[in-house]
Structures are given as C-alpha cells and as structure tokens.
Amino acid sequence: MTGDPEIARKAGRYTSEAESYGLLRKYLLGLLTPFAAYSILEKFASTVTRSSSLKIRKLSSNSIEVRAVPFPGIEEKNYQCRNRMGILESVPNIFLNKKADIEHPECIHRGGDLCRYILSWHEPLSSKWRRVRNLTVPFGLILVTVSFIFFPSWGLPALTAVLFAFILFSLAKEMTEKNEWLSSIEAQSDAAEQLIEQMNERYNEIQLIREIGQSAAFVLPVNDLLKLVTKALGRYLSFDRVLILLADRRGGLEFVEGHGLDPGRDGQLRRIQFTLEGPEGQCSLSRAFNSRLPKLLDSTAANCSERDREFAALAGTAAFICIPIVFGKESLGVMIASRSGSGKFAQSDISLLMGIAPQVASNIHLSLAYRKVRESEERFRSLSESAPDIIYMTDRQGNFTYVNPAWERILGHLREDVIGRNFTEFVSKDAVPEYMRNFKKARDGRKTVMDLTGTMIHKDGTPRYFSLSGGPNLNDDGDVIGVVGIFRDITESYELQKKLLQAQKLEALGTLAGGIAHDFNNLLMGIQGCASLMLRGIEPGHPHLEKLRSIEEQVRSGASLTKQMLGFARGGGYEMIPTDLKEIVEKSLAMFGRTKKQITINHKYADDIWTVTADRCQMEQVFLNLYVNAGQAMPDGGELYVSLENKILKEQEAKLHGAVPGRFVLITVKDTGTGMDKEIIDRIFEPFFTTKEKGRGTGLGLAMVYGIVKGHGGFIAVESLKGRGSTFSMYLPATGEKVQTGMRTEEVPISGQGTILLVDDEAAVLEVERGMLESLGYTVKCAKNGMEAIRLYREAGREIDLIMMDVIMPGLGGIEVLKEIRKMKPGARAMFASGYSVDSEISGLIRAEAAAFIQKPFSISELSRKIREVLDRVPQKVMPSP
C-alpha cells in the first residue's frame, strides 16, 4: 500500500525503538544488557509469533547468532523475514541508541532450511556507567532500608553514600557520554569533510565531463578540441601537465597539444616522432597505444626505456599516466597526465582518465569526420564553382535549391533569381511534359537520366541547347529529397552538327548531281560531236546550217545547266579564275533590276576589293538566286541592299564556320521583306525545302547557293526576324592573283597529224570523239577500257603521239592508266576529258602527271586547240611512278 519494499523491516525496527517505551520502562530496560534482552526475546518469541521459534547462541560479549526455525507446516512469507530482521537489529538500540550490525548468511527464502542471523554491536563506556548508575538505585534502597531498620545510626550515612554514589556514577556516565559525543561529532566532522572533498572531486569530475561533452556539440577543430581537453584536465583534476599525442600517417605518434609545459617545450615535442613498431615501439606511449591499456611510467625506475626518459625530460616530469585514446576498435592516440611531487597516482586517477578517454576519442573522431566532410564539401564547392557546366539541385517539387555560377554565365540569370523557382519556368511550354516525365523518372523511379538533349530559355528569350543529366538526391536515411544533375551547354556543337548535317545532305545531292551531270555531259558530247562533224561538211548557205548552229547553242546551254548542277558537288566549279566580284555583282544587279522595277536597289562597295578565285557563271547564279529570293520576300516592293567589303577572319571565328582563317571578301545581301522565323531559318538551305505553294518553287535555289559557296571554299550565314527582313552574309576566300580579262572567241578548227590513243568506256562518246579526231586529220586507235589501252600502247607505243582518256572508267581509271604507260614511256603526252566535276584531288593528280584537261561537252574547235596546245608543248621530264 505504501509502495515501500522495506516497510516490514521498518515496522519491526519500531517495535524495539526506545521511543516506544515510557520513562520507567526505559529505566528498567537500562538495567539489562543487549544479550539479556535477546535472551528474553528468545523465551517470549513463541508468544509474539506462531510461525517460527528463535534459538540464540552467544558468540562473544558483543555478538550472537540467532536461528529462526519455522514450525512444521508453516510457510513464512518474505516480509515476515524482513520484519524479524528489523526487530533483531533494533534491540541494541534500546540500550545503546545504535542498531546492531546484522548479517543474513542463510535464509529459507533463498533455499535454506532456516533463517540464520549474525548480530554484533559495540557497547560504549557510557552505557556501562549508565547500567552501574541504574543498579545503584535498587541496591542503595535495599542498603538504606536495612540500615534504618537494623542499624538506625547508619541509616543517614548509608543514604548519603548511596546518593553520593548515584551522583558520582551519573557524572561519570555524563562525562563519558559527552566525550563519546565529542568523538562522534569529530568523527562525523571528519567524515563530512571527506564527503565534501569527495563531493568537490565528483563535482570537478562532472564539470570536466560536461565541458568535454559540450565540446562535441561545437564540433571544434582537432587542435582547438585538444587544447580545451588538456586545460580542463589540468583545471578540474589538478594535473600539472597534460599532453595528447595522435597517430599520424607515417605509422607513429606525434605531439599535438599540451597543457602546463615549460616555454619552448611544445616545439621540441612536435619535432619528435614516436614509432609504434620495432625497438623504439617498446616505450610506454607505444605500448599503451598498441595494447589499448593504461601504463604508468616512472623515469627513475631501472626498467624505464631511454625513449621514455627522453620524453619525460622533455615533458618536464618524472612520472606520468599514459592512457590510450580508443574509438571503437581503433587506437587514435594517447593521453598523458602527471602531478608534481612523488608522482604517485591512485587507482581512481587511472579509472577516471580511462572513463574520460572514450569521450575524448569520440570527440576527436567526430572532429576528424567533420573535417573530412567539410573538406569534401569544399572540394565539391570548388569543383562546382569552377565547373564549365551548370550543376543544379532541386527539391521534390522541382524547385531549384542550388545552381552553380555557370548558370549566370550560360543562361544570364542571377543565381539568387533562380533559387526557389521551378525548373519548368526555364523551358518552353511544349517541352514541359517531357521534362516532367524525366524528372519523375529520377525522383520517383530513382533512375539516372543521362545525355538527353533539350533546350533551356536564356534570359534574353533565346533557346540554348543542353545535354541534360539528372538523378535522385538522397539524404542520410536513403530518402529521395530531390534531383541533382548537370546541364551541359551544347549549343555551339549542336549548331555545328546541324551545319554538318546540312553539308552532308548537300554533299549527297552533289554526288547525285555530279553523276547526272556526267551522264548528261556525255549525252551532250554525242550531240555536240555529231553537230560539229555535220558542220564540217556543210557549205555556207545550206538550209541546215542555222539549225546545226542552234543545236550547238542548245548544247552550250545544256552545259551551262550542268555547271549549275555541279555547283552542289565539292569543287564543282570548272573554270576557277581570279575574278573581280564587283563586276559580277553589278552585272547581276543590272539584270535583276530590269525585271523588278518596284524594288529600289542600293549598293555599296569598299575600295580595293580583294580578288577571289571563282567560276563567273556560278557566281552569277548565286547572286541572281539571292536577288530572286529577296524579290519574292518583297511582293509589294521594298529595298535591296548589296555591299562588298574586305574581312580578315581570325581562328576562332573561322573555326565556328568550318573555314580556314585568313582574308575573305564579304558580300552582304539585305532586303526589307517579310523575314523568317527561326524554324524556317534552320531549314532554309535544305534541298527541296520551300515556303512557296506547290508548283511555285523547287526548293533548290538557296541549296544551290549554299553548295556553290561551299565549293568555292567559303561559307554563308543568314539573319532574319519575322516582319523585319533578311540579311545573307557570304564569305569567299580572297587571292592575290590578278584578274583575267577578255574572253576567247570561237576559232576555226586546227587540223593536225599524228596518232592519238582514244580511251573511253562510253561507246557513243568514243565513236563521236573518234570521228572528230579523224576529221581533224589524226589517226585514231580506240580502247574501251584501261586494260585495253595499256595493251595497245605496249603494242604500238612508238606510233602514238597523244593519249586522250576519260578520267573515270570502270576498272582502271585514266590516272592509273597513264601511270602504267609512263612506266613504259616517261615522256608520253596525255590529255584527259571528263563529264564529271574534277575536284581538287583529281586536278592535283592531273597536274602532277603533266597532263592537260578538257571538259565535256566540247566543240571540235575547242578540241583542236587543246590538242595542238599539248602536242606543241615542250615535253616535261616526268619521273616514272613507283
């Protein structure tokens, strides 16, 4: 009911308390001894309790043994035993005001057959004097009564003697009791002082532990932490010197921090390394570190190592305690403490330091771990702050929680303007669903999304292209708290890739155009050859003369058309000569102006425009296409601006357009027409792309412009805004050669003599060319392929004055055939004819072989002049091909 488990024992004690008896009873009990009282209790125990009987045996004058034997069939409860103990230990309290010391070595509740108690007490001298004084009263009364009855004269002296004895014994009892009280008070005072001292020690220990424990909350740097620990140990535990050494990366111990050292000693200690292995690893510091057990060092002892003596001398102490600092199963270092004087240490000192060491180790480990985390964060921050790509973090809703400085450099927004905003605010509306799908994939699916191509909107509203990556950002519990990733700006490479794709499309179309042009030129060659042969035999005034000349004119128009088609192919120009672009621009503008009277033409030319190497016909076609495109953008009239200026492109700008740095001529064509949006600009140079209605355009005009400009080693760019017009900027590489003036006129065919080896895989072309050569007076040997040509030359090489071959043939091409023939006759004259575009590589090979070239289709007069040019040329010494 009270909740006190000792209530039964306390109740037993109260039954024997002196305060529970009256004054007379106390006096009567004062005549007895504790042993007599226990003896009386033994006799009356059966009347007090019916559960057991008591058997008392005297062990000495101040100790007894009590046996409590349960009656048969009686099962005592535990509280009855506790109540009996309370009664037994309180019996001496009646006489001595102090309970007996009680032992309970055997108990029925612990498996014994009976309960056995050993009681002992100490009877002070005052108690004995009190008993003597109390006995004086009854014996004195008897003596006085007998004296008055039998010896009346002795009655008064007897009474006086009894009273004197009573007073004397009472004084002896009081004085003895007072001395005992004084001794007790002094003992209590000493005990109190010891207790206060212990309390102060415990207080200091608690303060020390509290201060060391609080240091963990601040996560101090290691040196600051150890400085606090060493000072606290010196202040609260009265250690004169406290030193801490930690394990280093070299496999030893190094001094880190100390308290109470003599000036300059800390520097000397820092220069010493204590090895943990080998002979030097037998010193106390190393042994404490390795064994993880405390060590006592006395430098005066005979078994002390030289290393210990050296360290003790530097530390300025003769003896010290060496305590290992251990975290988990890892030794971090050692802690050393010493006091002045004898150097003796109590076990409590070692126990206390061993109790503090784990806390110090935990704080050191925490500090080192925090330093590693901080260093890792600093490395991440340094990497992130200097990274060329955008590094970002978002929360689970997609709001940015971190972006690095690259964001401001690439997208223009200040970092503080981005934090807290959702990523969907920086992408176009139509791209939001795709971005959200990948964001949820990283956040909810815990997937890493890599190398996705997407756009982000610059602060100025323009899109930039990025390679996007992202993955889940996890906290310490493994929960996804957002997404972290990288935006890599690929705008420049994306634009270059688009240009490359455009170039590849044009190259493919150019290859197709080159093949068509070859076949078409061979077809025209047949027509031209037949017309030329027919004209050779027609007299002036013949009704078919004009028709044949008309056929030749149509052939020339067809050849001009193939030149435009070959503009798609690399190196598509056939007549690359130094050209004055100003002349071509003026001629083309005049032609365009006659057809578009509603457009005002403005032109501006810089002085001394550099010369370019170009095909005049192709350049005219380029300018006319640009003018026509501008005119279609200004159906109701407008203004056209054309300008020429010299430009020097540096490496960076030239590289952006895939050109070689150097001198360029810039041709700018600007209109005030309807303009274009970005989607159209991105596709404007694509073959067959047109914004005109079906049947009104082929989509090849600007594609042809792009191909011809690229074929001339230049590049073209366009800028346009919807409703604000368009500007085409065309760059052509400049040359230092002089402009060639004057055009060669048609002349009468030149006849000749000699033998010509004619090689062509087209039978119709071979036949018509044979007829043209024979009409000029030459003997012709024909070969349908390269192998046949080599065989014929091997058989009749001495007779052959000139080899005329197609460049490209099945099996061996013309260049390979000439190399084989030159092995037989190094000075053999050769001339190549082809309907293909001859690129720079083929042109170089032809020049290297000292051969001439004529483009199909050609007239008989052109053929005759070219042959005479080759045959009349002084033979050049050509080294045989290897």
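The figures that follow rest on heavy atoms only: side chains count, while hydrogens, waters and symmetry mates do not.
Formation of a donor-acceptor pair under 3.5 Å by the R396 side chain with backbone atoms of V480 is found in this model. A donor-acceptor pair under 3.5 Å links the side-chain atoms of Q80 to the main chain of K77, judged by distance alone. Side chain of S331 to backbone of F289: a donor-acceptor contact under 3.5 angstrom is found. With hydrogens and angles disregarded, a donor-acceptor distance shorter than 3.5 Å links the side chain of T230 to the backbone of K227. A donor-acceptor distance shorter than 3.5 angstrom exists from the side chain of T401 to the backbone of M393, with no hydrogens or angles considered. Within the 3.5 Å criterion, the main-chain N or O of D395 finds no donor-acceptor partner in the side chain of N399. For R488 (side chain) and D389 (main-chain N/O), no donor-acceptor pair under 3.5 Å exists by modelled atom type. With N473 contributing its side chain and V484 its backbone, the two residues share no donor-acceptor pair below 3.5 Å. In this structure, the side chain of D477 does not engage the main chain of D479 through any donor-acceptor pair within 3.5 Å.
Annotation for S63 and S120: closest pair CB-CB, 3.9 Å, computed over non-hydrogen atoms. Heavy atoms only, all atoms of each residue included: H104 and C81 are closest at NE2-SG, 3.4 Å. For the pair I364 and L332, the tightest heavy-atom approach, listed with the atom from each and the gap, is CG2-CD1, 4.1 Å. In terms of heavy-atom proximity, R446 sits nearest to L474 at NH1-CD2, 4.0 Å. Taking every heavy atom of both residues into account, P294 and I323 meet most closely at CB-CD1, 3.6 Å. Nearest heavy atoms, A288 versus P324: O-CB, 3.4 Å.
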Note to self: Applying side chain to side chain contact (heavy atoms under 4.5 Å, CB included) to T448 and K441, what does each step give before you reach the verdict?
What the structure shows: CA-CA 8 Å; T448 299; K441 183 178 179 181; over 6 Å; no

Next item on the list: Quick one: do R379 and E385 satisfy salt bridge (charged side-chain N to carboxylate O under 4.0 Å, His left out)? Show the steps, please.
Entry: CA-CA 10 Å; R379 284 194 298 269; E385 297 292 310; over 6 Å; no

Margin query: Apply side chain to side chain contact (heavy atoms under 4.5 Å, CB included) to residues Y38 and V91 and explain how you reach the verdict.
Written below: CA-CA 7 Å; Y38 281 119; V91 168; 3.7 Å; yes

Next item on the list: Would you sort out whether L119 and D101 count as a side chain to side chain contact (heavy atoms under 4.5 Å, CB included), showing the intermediate values?
Entry: CA-CA 6 Å; L119 295 105; D101 296 327; over 6 Å; no

Notebook entry, point to check: Between Y117 and R84, does a side chain to side chain donor-acceptor pair (under 3.5 Å) hold up when you go through it step by step?
Noted result: CA-CA 10 Å; Y117 309 93; R84 184 164 50 243; 3.2 Å; yes

Note to self: Is there a side chain to side chain contact (heavy atoms under 4.5 Å, CB included) between F255 and L261? Walk through the geometry before answering.
What the structure shows: CA-CA 12 Å; F255 172 75; L261 292 173; 3.7 Å; yes

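Aromatic ring centres of Y402 and Y392: separated by at least 6.0 Å. Checked against the 6.0 Å centroid criterion, the rings of W407 and F400 qualify as a close aromatic pair.
Note that CD1 of I118 is 9.0 Å distant from CD1 of I64, once rounded to the nearest 0.5 Å. Expressed to the nearest 0.5 Å, how far OG1 of T394 lies from CZ of R421 amounts to 15.0 Å. Note that CD of E106 is 7.0 Å distant from CZ of R67, once rounded to the nearest 0.5 Å. Here the CD1 atom belonging to I336 is positioned 9.5 Å from the CD1 atom belonging to I244, to the nearest 0.5 angstrom. From L54, atom CG reaches atom CD1 of I56 across 6.0 Å, with rounding to the nearest 0.5 Å. Rounded to the nearest 0.5 Å, atoms OG (S53) and CG (L114) are 9.5 Å apart.
Under a 4.0 Å N-O distance rule, the pair R116/E65 qualifies as a salt bridge. Look at E89 and K99 and you find no salt bridge, because none of the NZ, NE, NH1 or NH2 atoms lies under 4.0 Å from a carboxylate O.
Taking a 6.0 Å sphere around CG of D113, one finds it holds 12 or fewer heavy atoms contributed by other residues, nucleotides or ligands. Annotation: E75, atom CD; neighbour count of heavy atoms from other residues, nucleotides and ligands within 6.0 Å does not exceed 12.
Here the side chains of R415 and P405 are in contact, with some heavy-atom distance below 4.5 Å. The side-chain heavy atoms of S469 and V449, taken from C-beta on, include no pair separated by under 4.5 Å. Side-chain contact between F239 and S338 is absent, with no heavy atoms from C-beta onward closer than 4.5 Å.
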